[in-house]
Number of protein chains: 2
Amino acid sequence: MFLSKTCAYAVRSLLLVGQHRLEEENGKIGLRTISERLEIPTHFLGKILQTLTKHGLLSSAKGVSGGFYMTDEQLRNPLMTVVKLIDGSDVFEKCGIGLATCSEQRPCPVHYAFKPLREKMLKTFESETIESMVKSLNSGDTFLVV
Amino acid sequence: MFLSKTCAYAVRSLLLVGQHRLEEENGKIGLRTISERLEIPTHFLGKILQTLTKHGLLSSAKGVSGGFYMTDEQLRNPLMTVVKLIDGSDVFEKCGIGLATCSEQRPCPVHYAFKPLREKMLKTFESETIESMVKSLNSGDTFLVV
DNA sequence: CCAATAAAAGACAAGAAGGTCTTTTATTCA
DNA sequence: TGAATAAAAGACCTTCTTGTCTTTTATTGG
């Protein structure tokens with residue numbers, strides 16, 4: 001995968017919460033439910049969702065009838081935002097074979113081959129949003145759970 | 001990076017050995033020299049080169065005037081062979097968000113967005129060979145060391 | 001207003017990746 | 001032929017990612 005396990009968990013969770021929102025207005029969904037539906041270790045997922053919430057990609061409410069939910073604005077976040085938050089920007093910026101000196105002026109042997117790949121990746125990650133993916137889920141074109 | 005640190009070390013080493021071969025016919029290069037020129041921890045690199053040698057991507061000779069070298073055939077290996085050996089094929093095959101059930105018939109929400117990315121990656125990794133990259137090094141178009 | 005609920009937070013443990021050090025094996029050439 | 005050389009091999013350590021468990025804090029509805 002391009003993404004770490006943690007990041008994949010984050011994306012899947014945002015998709016599930018996003019999907020839940022479009023189903024029932026203002027409906028919140030709890031940590032346990034998410035972890036069970038997505039088969040992700042509960043407590044580990046807790047931390048990930050904490051991170052997402054702390055950085056504004058997800059909303060949460062404590063206490064009775066609390067849980068996680070997303071605003072319209074949050075639904076419009078591109079995949080990029082999640083990846084940069086969880087995995088960082090190394091995959092988009094760092095030299096493909098780890099050379100500190102690699103640059104446009106002094107490219108490494110994989111530089112030019114990797115460049116279009118990176119650009120395509122960047123474009124994809126910026127154009128795909130939680131919302132666009134949730135729509136493909138709701139239209140039955142794609143699937144998140146069994 | 002798409003590649004693990006270990007894999008990047010492997011690629012850089014193959015490039016250096018390949019370059020060395022084109023410079024002086026049948027010239028071998030020692031582990032210590034490689035690790036110093038590429039600034040890679042010596043003993044760690046030793047294991048990586050062992051793996052490459054054991055799987056036929058690199059040749060070695062023990063004893064006095066021994067070292068690592070590459071045959072013409074080895075020079076023609078594509079990047080793909082190295083990546084598959086060291087990192088495995090997950091990046092080319094596994095679902096982008098880690099769904100075991102994801103397939104062409106039952107795609108996940110990132111499936112179609114990632115597909116062209118993967119295909120481009122595959123093509124790139126298969127067409128770039130050690131030899132083609134060594135040539136770009138020798139022509140001064142790209143750089144491996146400071 | 002308090003008991004139940006659910007997220008936040010923190011400590012800790014397992015596993016994988018990356019890195020170090022020492023010993024063994026094979027080779028050469030003086 | 002044996003001393004020097006260099007890769008192979010193995011034991012071990014460190015760091016990072018992933019995963020588990022417990023305690024704390026905030027909220028709400030009866």
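In what follows, chains carry the letters A, B, and so on, assigned in the order in which the sequence lines appear, proteins first and then strands, with residues in each chain numbered from 1. What's counted below: heavy atoms across the whole structure, side chains too, no hydrogens, waters or symmetry copies.
- Under 4.0 angstrom from either OP1 or OP2 of C:dG18 there lies no side-chain N or O belonging to B:Tyr9.
- The listed nucleotides are C:dA8, C:dA26, C:dT20; the one nearest the side chain of A:Lys62 is C:dA8.
- When the nearest nucleotides of DNA chain D are assigned to A:Phe44 and A:Ala61 by heavy-atom distance, the more 5′-ward of the two goes with A:Phe44.
- Distance alone, capped at 3.5 Å, places no donor-acceptor pair between the B:Asp87 side chain and the B:Leu3 backbone.
- Contact check, A:Ser60 against C:dA6: no side-chain N or O comes under 4.0 Å of OP1 or OP2.
- One donor-acceptor pair, N or O on each side, does fall under 3.5 Å between the base of C:dA9 and the side chain of A:Gln50.
- As a whole-Å value, the separation of A:Leu52 CG from C:dA9 P is 14 Å.
- For B:Leu3 and C:dG18, the CG to P distance is 11 Å, given to the nearest whole Å.
- One interatomic measurement links the two molecules: CG of B:Asp90 to C1' of C:dA16, which rounds to 14 Å at whole-angstrom precision.
- Rounded to an integer number of Å, the gap from CD1 of B:Ile86 to P of C:dA16 is 18 Å.
- The listed nucleotides are C:dA8, D:dT18, D:dT22; the one nearest the side chain of A:His43 is D:dT22.
- Regarding A:Glu39, its CD atom lies at a distance of 13 Å from the P atom of D:dG19, rounded to whole Å.
- Between B:Lys5 atom NZ and D:dC16 atom C1' the separation is 11 Å, expressed in whole Å.
- For the pair A:Lys28 and C:dA6, the criterion of a side-chain N or O lying under 4.0 Å from OP1 or OP2 is not met.
- Remark: A:Lys135 does not engage A:Asp141 in a salt bridge, criterion side-chain N to carboxylate O under 4.0 Å.
- Distances shorter than 4.0 Å separate none of the side-chain N or O atoms of B:Thr6 from OP1 or OP2 on C:dA17.
- Set against C:dG18, C:dA26, C:dT28, the side chain of B:Ser65 has C:dT28 as its closest nucleotide.
- Residue B:Thr42 is out of contact with every strand shown, counting any heavy-atom pair closer than 4.0 Å.
- Counting to the nearest Å, the C1' atom of D:dG19 and the CG atom of A:Leu31 are 13 Å from each other.
- Both A:Gly63 and B:Gly63 lie close to DNA chain C; mapped to their nearest nucleotides by heavy-atom distance, the more 5′-ward contact belongs to A:Gly63.
- A distance-only check finds no donor-acceptor pair linking the side chain of B:Arg106 to the backbone of A:Phe143 [under 3.5 Å].
- Going from atom CG of B:Leu45 over to atom C1' of C:dT20 covers 13 Å, rounded to whole Å.
- Closest to the side chain of A:Lys47, out of C:dA11, C:dA7, D:dC21, is C:dA11.
- Counting only heavy atoms from C-beta on, B:Pro41 has its side chain closest to C:dT20 among C:dT20, C:dG18, C:dA8.
- The backbone N or O of B:Cys102 lies less than 3.5 Å from no partner atom in the side chain of B:His111, so there is not a single donor-acceptor pair.
- Among the nucleotides D:dG19, C:dT20, D:dA4, the one closest to the side chain of B:Val64 is D:dA4.
- Minimum interatomic distance between A:Arg118 and A:Val91 (heavy atoms only, all atoms of both residues): NE-O, 3.2 Å.
- Under the 4.0 Å criterion applied to side-chain N and carboxylate O atoms, B:Glu104 and B:Lys115 are assigned as salt-bridge partners.
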